[in-house]
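First up is the structure itself, then whatever we jot down about it.
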Amino acid sequence: MQPLPSPVPSSPPLAIEVRGLVKRFEDVVAIAGTDFEVPVGQCVGLLGPNGAGKTTTVEILEGLQHATSGEVRLLGLRWDKNAAELRERIGIALQETRFHDKLSVEETVRLFRSFYRRGLSVEEAIALVKLEEKRGAYVVKLSGGQRQRLALAVALAADPEILFLDEPTTGLDPQSRRALWDVIDGLKGKGRTVVLTTHYMEEAQVLCDQVIIMDHGRIVARGTPAQLIASIGGEQVIEFATTPSLPAEAFADVPTLVAARPRGDGHTLSVKELHRALPGVLSIVTARGANLVHLSTRQATLDDVFLAFTGRSLREDSSS
């Protein structure tokens, strides 16, 4: 008897499908034909410089803008045919949300929960974001971190299958930021899909299963954080400055050098083998009669990936 063939593993179901997405504003092309998909239960980070098209992409996914052409499906549904159902199945938390100051946390969540036919109980939504001790507090009395958690509770009121988070931790102290990370991790554990925009590379590296980097309306890189870091070739980074300042070409022959770029008054080198590259840098500095002002080494990060693909750092761009 012939053995039965092994079953072919099925692909995970898709929460989001984007095909040939184009968006024009008169003569300006905001999105120039993008394609990507997000499996159910993943967190995807959408990153890009100002004007890259990421905000427009997210607004089309959220149903707030219409595409010029292309196709977008959420949970197999389309905004032009299934808008009412989609609004019941997604949640949106903005970078800053204004609530009525004289409503309590519980009253605010109860108000927004009343907009949906089904979802979490008020108690469940408040517990998810760890605001139980503040349930009777007025909004005006909440800290910035507590207000962000309240915005997340409101976005979770319908128990959405896809949650959109726009810069959810901007302006928060490290403790409040970590608390929100725990909430987002918990949602992934429940099989929810999260779409995240952020200017914190550490945040994307910790939370995202997949990162998409956009520039000039196109996707320039995508993959897991580890895949993207590996794609730029250098696993280690050397940052240094000298006096007098030396030209970049002076370091072209550093062993295992992958890329070099100026950074402030110094240089940033991406290298494959730190133990070979670092002596090479020191030798060149000595041979040129210069002195080191500072020198540090570190592992490559998503910020290095962003810089490699867009020519600038994400935090630097966000403050411009």
Side-chain angles (χ1 to χ4, degrees), residues 36 38 42-59 61-62 91-97 129-130 143-153 155-156 162-189 192-215 219-232 237 239 263-264 268 270 296 298-320:
F36 65 91
V38 183
Q42 279 197 3
C43 177
V44 58
L46 199 58
L47 313 179
N50 292 330
K54 64 183 186 301
T55 299
T56 303
T57 299
V58 172
E59 288 179 349
L61 293 177
E62 294 170 340
I92 301 173
L94 303 175
Q95 181 175 341
E96 184 178 1
T97 306
V129 299
K130 299 177 174 60
S143 68
Q146 290 164 349
R147 290 188 188 211
Q148 285 292 73
R149 279 189 273 162
L150 176 58
L152 190 52
L156 294 170
I162 302 177
L163 180 65
F164 293 93
L165 300 176
D166 180 18
E167 304 286 347
T169 63
T170 296
L172 299 187
D173 61 85
Q175 184 177 359
S176 298
R177 186 175 298 130
R178 291 280 180 176
L180 272 177
W181 289 4
D182 289 342
V183 174
I184 296 168
D185 251 345
L187 292 171
K188 288 169 54 181
R192 300 299 187 257
T193 304
V194 180
V195 178
L196 173 73
T197 64
T198 180
H199 279 116
Y200 295 102
M201 280 303 190
E202 182 190 5
E203 186 163 273
Q205 201 157 334
V206 168
L207 294 176
C208 295
D209 303 288
Q210 176 186 176
V211 172
I212 296 172
I213 298 177
M214 295 187 68
D215 199 15
I219 293 175
V220 296
R222 78 179 88 184
T224 68
Q227 288 170 341
L228 289 176
I229 291 170
S231 74
I232 60 174
V237 176
E239 296 176 328
R263 188 178 184 93
T268 296
S270 297
S296 62
R298 58 177 174 80
Q299 294 276 352
T301 67
L302 276 181
D303 200 40
D304 298 298
V305 175
F306 192 90
L307 194 57
F309 281 101
T310 69
R312 47 193 156 167
S313 99
L314 187 55
R315 293 301 297 163
E316 173 187 315
D317 181 81
S318 70
S319 61
S320 61

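In this text, all values refer to a predicted model and were calculated from it rather than measured experimentally. Sequential numbering from 1 along the given sequence is applied to the chain's residues.
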Measure across [X] and [Y] and return the closest heavy-atom pair with its distance rounded to 0.1 Å.
X      : Y      : value
Gln205 : Ile229 : NE2-CD1, 3.6 Å
Thr169 : Gln148 : N-NE2, 4.2 Å
Leu163 : Ile92  : CD1-N, 4.3 Å
Ser231 : Leu228 : OG-O, 2.6 Å
Lys130 : Arg149 : O-NH1, 2.9 Å
Leu207 : Cys43  : O-CB, 3.5 Å

Answer yes or no: is there a side-chain heavy-atom contact under 4.5 Å between [X] and [Y]?
X      : Y      : result
Leu152 : Leu165 : yes
Arg192 : Leu156 : no
Thr55  : Thr197 : no
Asp215 : Phe309 : no

Supply the atom-to-atom distance [X] [atom1] to [Y] [atom2], rounded to the nearest 0.5 angstrom.
X      : Y      : atom1 : atom2 : answer
Glu59  : Lys54  : CD    : NZ    : 11.0 Å
Leu302 : Thr198 : CG    : OG1   : 10.5 Å
Leu180 : Asp185 : CG    : CG    : 11.5 Å

task: Decide side-chain contact (heavy atoms from CB on, under 4.5 Å) for Leu307 and Arg263; before the verdict, give the C-alpha distance in whole Å, the side-chain angles of both, and the deciding distance to 0.1 Å.
output: CA-CA 11 Å; Leu307 194 57; Arg263 188 178 184 93; 4.3 Å; yes

Take Ile213 and Thr310 through the test side-chain contact (heavy atoms from CB on, under 4.5 Å) and record every step on the way to the result. CA-CA 9 Å; Ile213 298 177; Thr310 69; 4.1 Å; yes

For Phe36, does the six-membered ring have the charged nitrogen or CZ of Arg222 within the cation-pi criterion, i.e. under 6.0 angstrom from the centroid and within 45° of the normal?
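Not satisfied by the 6.0 Å and 45° rule.
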
Determine, step by step, whether Leu46 and Met214 satisfy the side-chain contact (heavy atoms from CB on, under 4.5 Å) criterion, reporting the C-alpha distance in whole Å, the side-chain angles of both residues, the deciding distance to 0.1 Å, and the verdict.
CA-CA 7 Å; Leu46 199 58; Met214 295 187 68; 4.1 Å; yes

Hey, are Asp209 and Lys188 close enough for a salt bridge, meaning a charged N less than 4.0 Å from a carboxylate O?
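Lys188 and Asp209: salt-bridged.
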
Salt bridge or not for Asp304 and Arg298, using N-O below 4.0 Å?
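A salt bridge is present here (some side-chain N lies under 4.0 Å from a carboxylate O).
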
Note to self: Given Cys208, which partner from the list Val195, Leu196, Leu47, Val194 fulfils the side-chain contact (heavy atoms from CB on, under 4.5 Å) test?
What the structure shows: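 Looking at Val195, Leu196, Leu47, Val194, the match for Cys208 under the side-chain contact (heavy atoms from CB on, under 4.5 Å) is Leu196.
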
- Run the side-chain contact (heavy atoms from CB on, under 4.5 Å) check on Thr97 and Leu150 step by step: do they pass? CA-CA 9 Å; Thr97 306; Leu150 176 58; over 6 Å; no

